[in-house]
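Counting starts at 1 for both ligands and their atoms, following the listed order. Since we're looking at a predicted model, the values are computed, not measured.
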Amino acid sequence: MNINKAAVLAAVICGFAGGFFVCKFTEADCMKEKNIDTVFAMGDKNPYGKFFTGQTYLNMLSGNDSVFNAPIGNVTFEPGARTNWHKHSGGQILLVLAGEGRYQERGKEIQILHKGDVVRIAPDVEHWHGAAPKSWFTHISVETNVPANEAQWLEAVTDAEYKQ
Ligand code: MN
């Protein structure tokens with residue numbers, strides 16, 4: 001197989017496996033590509049990045065204010081990126097828009113997430129969420145029971161925990 005054929009084949013496989021994002025010729029390109037085919041803009045680098053592993057992006061679709069008391073953010077994770085372990089005193093609802101993701105509650109199995117999934121995270125349940133190892137991932141985060149909802153950030157999710 002010559003290089004051009006290999007590149008085309010890789011692009012096809014990459015596009016098929018990636019599904020929702022545009023990529024070029026190799027899996028490596030696929031992993032780096034940030035042009036995600038989803039609903040909302042990715043926004044800027046996540047200002048809460050110190051509580052995450054890997055690069056994430058945050059676009060606050062509706063901020064935290066006393067009129068609505070319903071902060072809604074679009075969060076995008078590069079492949080392998082995830083939150084630290086954490087909990088929300090008022091809970092959280094995740095609406096999955098694109099890609100393949102991961103969700104785990106402390107002491108339970110990791111769940112695989114796809115477009116259209118809804119994750120209802122009860123108050124004070126320790127958990128993490130993020131992308132699959134080889135897929136970009138986007139979810140909307142809805143903070144519930146605001147304003148008495150505070151996130152408590154815990155330790156990073158280790159590679160061993162992430163890959164189990
Ligand atoms: Mn959470």
Side-chain angles (χ1 to χ4, degrees), residues 17-21 30-164:
F20 71 103
F21 59 93
C30 213
M31 301 282 278
K32 284 183 289 190
E33 179 60 65
K34 289 192 240 175
N35 186 11
I36 298 172
D37 182 14
T38 181
V39 179
F40 301 105
M42 284 175 51
D44 298 322
K45 288 185 177 178
N46 186 349
Y48 303 100
K50 66 180 178 181
F51 302 122
F52 290 66
T53 296
Q55 189 60 60
T56 59
Y57 301 82
L58 176 63
N59 175 9
M60 285 307 295
L61 303 175
S62 185
N64 188 2
D65 63 61
S66 60
V67 176
F68 295 100
N69 286 306
I72 299 172
N74 185 82
V75 188
T76 301
F77 300 76
E78 69 176 2
R82 66 267 190 181
T83 68
N84 282 11
W85 286 100
H86 65 285
K87 57 186 178 180
H88 311 268
S89 63
Q92 181 183 35
I93 298 174
L94 306 179
L95 309 174
V96 178
L97 296 183
E100 182 185 314
R102 298 285 185 267
Y103 171 71
Q104 185 179 29
E105 295 181 357
R106 186 86 77 179
K108 297 186 178 178
E109 298 274 300
I110 294 176
Q111 296 179 35
I112 296 174
L113 302 179
H114 296 104
K115 175 180 178 178
D117 286 342
V118 176
V119 183
R120 289 154 52 91
I121 306 165
D124 295 322
V125 171
E126 291 186 11
H127 67 279
W128 62 269
H129 30 109
K134 294 187 176 180
S135 175
W136 284 76
F137 178 62
T138 302
H139 69 52
I140 286 176
S141 163
V142 180
E143 294 176 52
T144 47
N145 294 296
V146 172
N149 186 356
E150 293 188 357
Q152 183 179 350
W153 292 98
L154 306 168
E155 76 279 13
V157 175
T158 66
D159 288 345
E161 289 174 312
Y162 178 71
K163 291 172 181 171
Q164 65 182 287

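- With respect to Glu100 and Arg102, a salt bridge is recorded, a charged nitrogen being found less than 4.0 Å from a carboxylate O.
- Screening Thr76, Thr38, Val96 against Phe137 for a side chain to side chain contact (heavy atoms under 4.5 Å, CB included) leaves a single residue, Val96.
- Between His88 and Trp153, the ring planes are perpendicular. Angles over 60° get that label, and only those under 30° would be called parallel.
- The backbone N or O of His86 lies less than 3.5 Å from no partner atom in the side chain of Asn84, so there is not a single donor-acceptor pair.
- Residues Glu161 and Trp128 have side chains that never bring a donor and an acceptor to within less than 3.5 angstrom of each other.
- Around the Mn ion (ligand 1), the protein N, O or S atoms closer than 2.8 Å are His86 NE2, His88 NE2, Gln92 OE1, His127 NE2, His129 NE2, listed by chain and residue number.
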Do any side-chain atoms of residues 51-64 form donor-acceptor pairs under 3.5 angstrom with protein atoms, and if so which ones, sequence neighbours left out?
unit_1, atom_1, unit_2, atom_2, d
Thr56, OG1, Asn46, ND2, 3.2
Tyr57, OH, Lys34, NZ, 3.2
Asn59, ND2, Ala41, O, 3.0

